[in-house]
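What follows is a structure written as C-alpha cells; I'll ask about it next.
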Number of protein chains: 2
Amino acid sequence: MPRTRKPAKIEDVAEAAGVSIMTVSRAIRGIEGVSEKKRAEVLSIARKMNYTPNSAARSLAVNNSNLVGISLPTFAGEVFADILKGMRGTFESAGYASVIDTTEYDIHAEKAWVERLLSWQPAAVILTGTHHHPQVRERLENARVPVLQVWDHTDDPIDLNVGIDHFEAGRHVGDYLVALGYRRPGFIGAPKSHDMRADARIAGLRAAFDGIASVAVARPALGNAFATGHGGMEQLLAQDGPGIDVVFFLNDHMAFGGMMACEARGVRVPEDMGIVGFNGLDLNSVLPVELTTVATPRKLMGITGARNLLARIHGVEAPRSVALPVKIQPGKTTRAQPPNS
Amino acid sequence: MPRTRKPAKIEDVAEAAGVSIMTVSRAIRGIEGVSEKKRAEVLSIARKMNYTPNSAARSLAVNNSNLVGISLPTFAGEVFADILKGMRGTFESAGYASVIDTTEYDIHAEKAWVERLLSWQPAAVILTGTHHHPQVRERLENARVPVLQVWDHTDDPIDLNVGIDHFEAGRHVGDYLVALGYRRPGFIGAPKSHDMRADARIAGLRAAFDGIASVAVARPALGNAFATGHGGMEQLLAQDGPGIDVVFFLNDHMAFGGMMACEARGVRVPEDMGIVGFNGLDLNSVLPVELTTVATPRKLMGITGARNLLARIHGVEAPRSVALPVKIQPGKTTRAQPPNS
DNA sequence: CTGTTAGCGCCTTCAG
DNA sequence: CTGAAGGCGCTAACAG
C-alpha cells in the first residue's frame, strides 16, 4: 500500500527492511558492500514501497547531477532536432536527463540560461555554435563543467567541439561547381546579422572560385525560407541578369523557393541555372525535382558529441575538436558534367 | 576575483557582506524583510563573487523545484516543436526550466521517464496525448504534482488537459468536403499502432459521410512522411482506382507526397482529386500549390496549457479540460465550390 | 528588520 | 559486509 502522504524516503525503506540506511543506499546504487541476498530483499521492498530516490538530495550530497544542460537556437526545423536526437539517445542510455532551453539566436538569452543551468550542477553543458556572450565562456571554464559546442567547427573550443567547417563546406561546393564548368556563381542567404555560417560558406565559395569568377550575393529579409529563396532569386536575376549560372542557397527550403522563382521566370533548371541547397533535408526526397544539396551529418554529430562528452565526464581522454565532413548530394538541379565534355 | 576552487555559497557571501546568511537569502530571493540599503549591498557583493544559488539545496529544503518535466513523442516536425515553444515561452518567463524527454511513442519509455522525473520534485509534469502506461496516472496522482495532458482532448484528464478533439476535426473536414460535393473520400495515415489520432479522425470523417459514402483507408508503413503519403496515394489509386475523389491525409507532409503521386500519375489536382492535409505547417507556404489543410492551434495550445498549469501551481482554479477548435484552411488542392453550383 | 535553530534526503567517511 | 556520525547548501520557523 503506497502511502499517499509524503513519498517514501531511504529511511523508510531501511526501517521496513530492518537494515540501516547505508545498506539500502548501497543496494540501490548497485555498488558493492552488500550481500546479494540482502540486496535483492532491499530492492524488492523498495519497489513495493514505490520508493524513488530524491535527486536533489543526492545531487546536493555528491555535488553534481545527472542533468545535461542543452542550449539550442530553436526547435524549429530538422537540423537541430536531428542533432538533438543523436545526443539525447546517447545520453539517455547513459542515464542522463536533458534540460533544454532555446535561445532564439540571442546570446543574452543563452547567457542567462547558462547561469541558471549552472545552479543545477549539471554533468555537462552543450551549446550550439561558437558565438557566445563573452562571460559564458568564463563562467563555464570556471565551473569546470564539461562543455560541448556542436554544429560549427572551431579550433578553439571552450572544452570540446564537434561540428562542420562551413568554410570548407562552401569551398567543397565551389570546387564541385567549378569542375562542372559553372563560371558565374551566386549565393542567397538570410540577412547578415542572423547567421555567420553563411559568411563562412560564402568565403569558401569565393576561395574555390578565386581567379575564376566573383560571387554575387543576395541576402533578402523576407518571410519564411521559401519566400526568402524565391525573392533572393528574383533579386539576383534582376540585378545580375544572365550573369549568373548557378546559385548556392543557405538551405534546401530556400533553394526550393529559388527553383520556383526560376520556373516562374522561364529560366530552365539545370540548363540555364544550377541550384544547390544545403542540409539534405527530408523534404528533398519528394520534391518533383531532386535538389542538388549538401548532406550534413546531423545525427552523427549529436552522437559523436555526446560520446566525447561522456568520455570527458568519465575522465577519459577525448578529442577536443572534431570536424565532420559534409557530402555533396548530386541531384537534378545541377548538370551532371561540364558542357563541353 | 572569482575563486577557481569551489563556487561561492551563501555563507561566503554573508561573510563578505558582514551579515547573516538569512539576510543574504532574503535579499537574493527578493522577499521582504531586508532594508533596501542592505539588499542592494548584498546583491552587489554576490554578483561580484559570482555567486550562484545551488538549486539542489534549495529544492531539497523547500521540497520542490522550478523544473517542469515535459514528455514529447518526438522532436521531429513542427507540431510538437510549436506546442513546446508556446509552453516554454510561458514557463520561461515565470522562472521555470524545462526538462524534456522524447518517448518515440513508447509508453514504457514514458513511464520510465516519469519515474525519473519525479525524483526531481518537479513543479509540474506535461505529457503529450492521453495514452499512457496505467501506472503513470497512479504515480502522478500519488505524487500530487500538477499534470497537463496536451494535444489530444479528453474529458477525463489526470489533472489538466488542453487539446483538440480529433473526432470533431475529422467530422469538420468531412462536413466541409460533403458541402463541396465530394462523394468518394479516402484517408491516408500511418500504421495503426502508431497513432490513435488517426482513428479518431477517420471516425469523424466517417460520421460526416454517414449515409453518403464509405471511406477508403490506406495505412502504409514506409519511410518518411512524404514517402508514406506518396505510397499511400499510389496504393489507393491502384486499389480503388477512379473511385476516390478526395483524400484526407494524416498531415501536410503526407498530403504533399500524395499530391506528387497524383502529379506523377497524371491525376489532376484538384480537378480529378481533392487533397486535404492536416496541421497547417510552414511547409505549406513553401509549396508551389497551396494545400487545403486544417490549421491546428499549436502554439496557443502550449500557451494555454502552460497558463493553466501555472495557475494550478499557484493554487488558483483552472479549467480541467479545454478543447481548442481547429480551422479549415482552404487551399488550391480542393475545389472552391460544388461542381454543379 | 535581522539572526538563530533545525532540518530537507542522501552520501562520504570511518568504525566495527 | 554493515552501521554510526557528520555534512552538502539552503530555507522554514521562530526568536529578538
Side-chain angles (χ1 to χ4, degrees), chain A residues 3 5-43 45-46 49-67 116 118-123 143, chain B residues 3 5-43 45-46 49-67 95 116 118-123 143-144:
Chain A
R3 56 191 61 193
R5 301 305 312 168
K6 291 194 142 212
K9 53 190 194 184
I10 202 171
E11 191 183 325
D12 301 326
V13 178
E15 198 171 315
V19 295
S20 85
I21 263 184
M22 276 317 296
T23 302
V24 177
S25 174
R26 288 194 259 255
I28 289 192
R29 280 182 293 160
I31 62 177
E32 55 182 17
V34 205
S35 64
E36 277 317 312
K37 187 166 146 42
K38 269 207 167 141
R39 182 188 304 268
E41 206 176 305
V42 169
L43 251 31
I45 293 184
M49 297 180 71
N50 245 317
Y51 169 68
T52 310
N54 180 320
S55 293
R58 162 167 236 286
S59 180
L60 181 59
V62 303
N63 193 40
N64 81 30
S65 73
N66 67 338
L67 258 24
R116 287 179 56 192
L118 252 17
S119 77
W120 283 105
Q121 319 274 104
Chain B
R3 54 191 64 191
R5 303 304 311 169
K6 291 192 143 212
K9 52 189 197 186
I10 202 171
E11 193 183 324
D12 302 326
V13 178
E15 199 170 315
V19 296
S20 86
I21 177 179
M22 272 317 293
T23 301
V24 177
S25 175
R26 288 193 260 253
I28 289 193
R29 282 183 290 160
I31 61 178
E32 55 181 19
V34 203
S35 65
E36 277 316 314
K37 185 166 148 39
K38 269 206 167 141
R39 182 187 304 266
E41 206 176 308
V42 168
L43 250 31
I45 292 184
M49 296 179 74
N50 244 317
Y51 169 70
T52 311
N54 182 321
S55 293
R58 162 165 236 285
S59 180
L60 182 58
V62 302
N63 192 41
N64 80 31
S65 71
N66 67 336
L67 258 24
R116 288 180 53 193
L118 253 18
S119 77
W120 282 105
Q121 319 273 104
R144 286 143 186 272

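Below, chains carry the letters A, B, ... as their sequence lines are ordered, and counting in each starts from 1.
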Nucleotides 6-16 of chain C: protein proximity per nucleotide (B base, S sugar-phosphate only, - neither; heavy atom, under 4.0 Å): -BBBBSB----
Where M49(B) and A16(B) come nearest, the two heavy atoms and their spacing: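 That closest heavy-atom pairing would be SD-CB, 3.8 Å.
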OP1 or OP2 of dC8(D) under 4.0 Å from side-chain N/O of S59(A):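 Result: no.
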N63(A) CG to R58(A) CZ distance, which is reported to the nearest 0.5 Å: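 The distance works out to 11.5 Å.
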Exercise: identify the closest heavy-atom pair between A46(B) and I28(B):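 For A46(B) and I28(B), the tightest heavy-atom pair comes out as CB-CD1, 4.3 Å.
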Separation of I21(A) CD1 from D12(A) CG (nearest 0.5 Å):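 Rounded to the nearest 0.5 Å, the CG-CD1 separation comes out at 9.0 Å.
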Whole angstrom value for the distance that separates P of dC1(D) from NZ of K38(A):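 Interatomic distance, NZ of K38(A) to P of dC1(D): 12 Å.
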OP1 or OP2 of dA4(D) under 4.0 Å from side-chain N/O of S20(A):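 S20(A) to dA4(D) OP1/OP2: no side-chain N or O under 4.0 Å.
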Interatomic distance, W120(A) CH2 vs dC10(D) P [rounded to whole Å]: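 Atom CH2 in W120(A) sits about 13 Å away from atom P in dC10(D).
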Relative orientation of the end axes in the helix from dC1(C)-dG16(D) to dG16(C)-dC1(D), expressed as an angle to the nearest 10° (five pairs per end):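 Rounded to the nearest 10 degrees, the bend comes out at 30°.
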Short side-chain N/O contact from T23(B) to OP1 or OP2 of dG3(C), under 4.0 Å: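 Answer yes for this pair, as a side-chain N or O of T23(B) is under 4.0 Å from OP1 or OP2.
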I10(B) and S25(B), any side-chain heavy atoms less than 4.5 Å apart: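 SC-SC contact between S25(B) and I10(B) confirmed.
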From OG1 (T52(A)) to CZ (R116(B)), nearest 0.5 Å: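 Reported value, rounded in 0.5 Å steps: 12.5 Å.
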Residues E41(A), K38(A): salt bridge by 4.0 Å N-O rule: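 Salt bridge flag = no for K38(A) with E41(A).
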Flag side-chain contact, heavy atom, 4.5 Å: S59(B) against W120(A):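 With C-beta onward as the side chain, the pair touches.
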